[in-house]
Each structure stands twice: as structure tokens, then as C-alpha cells.
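Please read the structure below before turning to the comments.
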Amino acid sequence: MTRRKIYLFGDSITEDSFSTSSSGWGASLAHHFSRTADVVLRGYSGYNTRWALKVFDRVFPMKEKKEEEVIGVVVFFGANDACVPDGYAAFQHVRLDEYRDNLIEICSRIKKRWPAAVILLVTPPPIDEAARLDTSDEQVPSRKHQTWSHLFLFHCRHPYADNPSGLPERTNEAAGAYAKACVDIASTCGIQVADIWTGMQQQDPDWGKLYLSDGLHLTTRGNEFVFEAVLDKLRTQGLRAEGLPVDLPLFSDIDRKDPLKVFENIH
């Protein structure tokens, strides 16, 4: 049996979802589906839906179609699309109408490639604008500590540390507009959505500090929130670890007196 796959397709919040330092939501999902499905990371820091469409066929090559059984795809874009159009990160901005079209096209391509796969959209998170400008507690890693991991975490946290405008490159109002569009698209396409923009703000009045490490990316509690939201929506669509066949015999299935017997019919 070829083990089933669940893809995570998104931006830096997805790319960093296997982080061990903050209990990444993707790693938690992989642990949850262990022995039943491989959770495959396809996260691209800084990407928006326009760029995601450009690389879609590179990310999901057609030649793999017959070699894998994809049972789920989590699509998590919008945080970069929602960058303000006249700000320091304007090159990442995608107009709201184009964001809608791009997200619909991404879902359409996934559905065409894997008709039986569960598709789940995740909205961009809320934005703590003050935290996006706070660089006082961060220093660029020293040369001896400039590993990919250290540099990635720093530049995800403060990619605009030399922002000459002194204004945040994202606003919570804009993120909310893109989150609402994501929710509307899910309804139009008949798929589920995890609305973390709304959920985080409703859950706790101090959501910025509780869930976000830098006003955008996730703390440990933020990762836990996203994991639980994603898992709940996957279950709503019938994608449950307990409902999937386990890969290879469990240890409890092995006969102490004849350990190899359980493997006789495995090809």
C-alpha cells in the first residue's frame, strides 16, 4: 500500500509549520496522521497567490499523479497578497479581485488533479500592526550563528527592518478583507475554510501577543490554534486519522510465538 498524502500549500506560515521551536502546526498534523498519511510540506516564504499559480505545476508535477493518492490539500495564502499596495512590500500585494480569482483557480487545479481530495482553505491571520514595526528586541544573527534556520526566522520576523516609511507593510483591516474573501470563496466552491482571522480575535482580547510572534507569524499558542482549527475542519469533511488504514501491522498485531506470520501477505 502506498501511503496517502496530505499537502500543505502556502507561504511562510506554512513553510515554518514544521518548526520544532514553536510546535509547528504542520508537524502536529504530521504527528496526528502518523502511520496513516504523510503530511507533505510545500510552503514558500513571501509568496502570494499570483506566484503560487506560476509555480503550481512545479510544486505538483503531473508525473506524480498516478504514483500518489492525495487525500487532502490545505491551502494557506493571503497574508502576502494583503500587503498594502502603496507600502514598502507593495511588490507582494495582489489586488483583492485577483486574489479571489487566483484562489479559485488554485482550488480548481487541485480538484482537477485529485478529484477525491479534501480541499481546505485557511484565511490569513490577523495582523498586530505595532508588532510588525517592533525591531527593538531583535538583532541580525552574528556570522557564526547565520545558519539557514536563524536567518529564516529573523527575516520572517523582520523582513522590512530597514523600512524607510516607518509604517507597517500590512494592516489588520486589509487582512480582514482578504480573510472575508477567502471565506466567501470557500462557500462559493463548496469547500471548508478555517477562518483564523476571526477566530483568533474572538478567542482572546490579547490575541496579538498570545498567537503572533511578530504581528504575523505564529507563536506556540498560535500554532496550536491553527492545528486545532485545521484538524477540526478536516474532520468535518470526513478526513480522520482513525478512519484511515494503518500502514503495516501494528506492534500489537505481532504474534510473540510467530512474529513473521503477520507479514506473510504483505507485498
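All values reported here derive from a predicted model rather than from experimental measurement.
The list of ring-ring contact (aromatic ring centres under 6.0 Å, His included) pairs with a residue in residues 181-204, not counting sequence neighbours, is empty. Sorted by first and then second residue, the salt bridge (charged side-chain N to carboxylate O under 4.0 Å, His left out) pairs with a member in residues 176-204 read Lys180-Asp184; sequence neighbours excluded. Pairs of residues two or more places apart, or lying in two chains, that qualify as salt bridge (charged side-chain N to carboxylate O under 4.0 Å, His left out) and include a residue from residues 222-236 are Arg221-Glu224. Residue pairs meeting the side-chain hydrogen bond (donor to acceptor under 3.5 Å, both in side chains) criterion with at least one partner in residues 23-32, sequence neighbours excluded, do not occur; the list is empty.
Other residues, nucleotides and ligands contribute more than 12 heavy atoms inside 6.0 Å of the CD atom of Gln237.
For Leu41, the side chain to side chain contact (heavy atoms under 4.5 Å, CB included) test picks out Thr14, Ser17, Phe18, with sequence neighbours left out. Under the side-chain hydrogen bond (donor to acceptor under 3.5 Å, both in side chains) criterion, Gln201 pairs with Asn172, not counting sequence neighbours. Residues meeting the side chain to side chain contact (heavy atoms under 4.5 Å, CB included) test with Leu260, sequence neighbours left out: Phe263. Every ring-ring contact (aromatic ring centres under 6.0 Å, His included) that Tyr47 has, sequence neighbours left out, goes to Tyr44, Trp51. Taking Asn48 as the reference, nothing meets the side-chain hydrogen bond (donor to acceptor under 3.5 Å, both in side chains) condition, with sequence neighbours excluded. Listed by chain and residue number, nothing satisfies the side chain to side chain contact (heavy atoms under 4.5 Å, CB included) test with Asn265 (two or more places apart in sequence, or in another chain). Legend: residues meeting side chain to side chain contact (heavy atoms under 4.5 Å, CB included) with Ala117, ordered by chain and number and at least two apart, are Val70, Trp114.
Taking the six-membered ring where tryptophan is involved, the planes of Phe56 and Phe9 are perpendicular, since the angle between them exceeds 60° and thus also 30°.
Between Arg42 and the choices Val55, Val74, Val59, Val73, the side-chain contact (heavy atoms from CB on, under 4.5 Å) rule is met once, by Val59.
Separation of atoms OG1 (Thr171) and CG (Asp128) is listed at 12.0 Å; rounding is to 0.5 Å. For the atom pair Tyr211 OH and Asp206 CG, the distance stands at 10.0 Å (nearest 0.5 Å). For the atom pair Ile13 CD1 and Ser19 OG, the distance stands at 13.0 Å (nearest 0.5 Å). Atom-to-atom distance recorded for Leu234:CG and Ile119:CD1 is 12.0 Å, nearest 0.5 angstrom. Atom CG of Leu218 sits about 8.0 Å away from atom CG of Asp16, to the nearest 0.5 Å.
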- Decide side chain to side chain contact (heavy atoms under 4.5 Å, CB included) for Leu244 and Phe33; before the verdict, give the C-alpha distance in whole Å, the side-chain angles of both, and the deciding distance to 0.1 Å. CA-CA 9 Å; Leu244 297 172; Phe33 282 98; 4.1 Å; yes
- Please test Glu105 against Leu53 for side chain to side chain contact (heavy atoms under 4.5 Å, CB included), starting from the C-alpha separation and ending with a verdict. CA-CA 8 Å; Glu105 179 62 20; Leu53 276 176; 3.6 Å; yes
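Here the closest heavy-atom approach between residue Gly78 and residue Asp11 is recorded as N-OD2, 4.2 Å. Here the closest non-hydrogen pair linking Leu120 and Ala194 is CD1-N, 3.9 Å. In this structure, Ile196 and Ala229 approach most closely via the heavy-atom pair CG2-CB, 4.3 Å. Nearest heavy atoms, Phe76 versus Thr123: CE2-O, 3.2 Å. Heavy-atom minimum distance, Ile71 versus Ala37: CD1-CB, 4.1 Å. Here the closest non-hydrogen pair linking Glu173 and Glu129 is N-OE2, 4.4 Å.
Within the 3.5 Å criterion, the main-chain N or O of Gln92 finds no donor-acceptor partner in the side chain of Asn80. Here the side chain of Asp214 pairs a donor or acceptor atom with the backbone of His217 at under 3.5 angstrom. Side-chain N or O atoms of Arg170 include one that pairs as donor or acceptor with a backbone N or O of Ala79 at under 3.5 Å. The closest donor-acceptor contact from the side chain of Thr219 to the backbone of Gly222 lies under 3.5 Å.
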Quick one: side chains of residues 93-104, donor-acceptor pairs under 3.5 Å with protein atoms, not counting sequence neighbours, listed by atom name and distance.
residue: His93; atom: ND1; partner: Asp81; partner atom: O; Å: 3.2
residue: His93; atom: ND1; partner: Cys83; partner atom: O; Å: 2.7
residue: Arg95; atom: NE; partner: Asp97; partner atom: OD1; Å: 3.2
residue: Glu98; atom: OE1; partner: Arg50; partner atom: NH2; Å: 2.7
residue: Glu98; atom: OE2; partner: Arg50; partner atom: NE; Å: 2.9
residue: Glu98; atom: OE2; partner: Asn102; partner atom: ND2; Å: 3.3
residue: Tyr99; atom: OH; partner: Phe77; partner atom: O; Å: 3.1
residue: Asn102; atom: ND2; partner: Thr49; partner atom: OG1; Å: 3.1
residue: Asn102; atom: ND2; partner: Glu98; partner atom: O; Å: 3.4

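Under the 4.5 Å side-chain criterion, counting only non-hydrogen atoms from C-beta, Pro126 is in contact with Trp207. Residues Val230 and Leu8 have side chains not in contact (no heavy-atom distance under 4.5 Å, counting atoms from C-beta outward). Using a 4.5 Å heavy-atom cutoff, the side chains of Gln203 and Met200 are not in contact. At least one side-chain heavy atom of Cys107 sits under 4.5 Å from a side-chain heavy atom of Leu121.
Both Ile191 and Val183 belong to a single network of hydrophobic side chains, linked directly or stepwise wherever heavy atoms of I, L, V, M, F, W or Y lie under 4.5 Å apart.
Salt-bridge check for Arg4 with Asp38: failed, with every basic side-chain N at 4.0 Å or more from each acidic carboxylate O.
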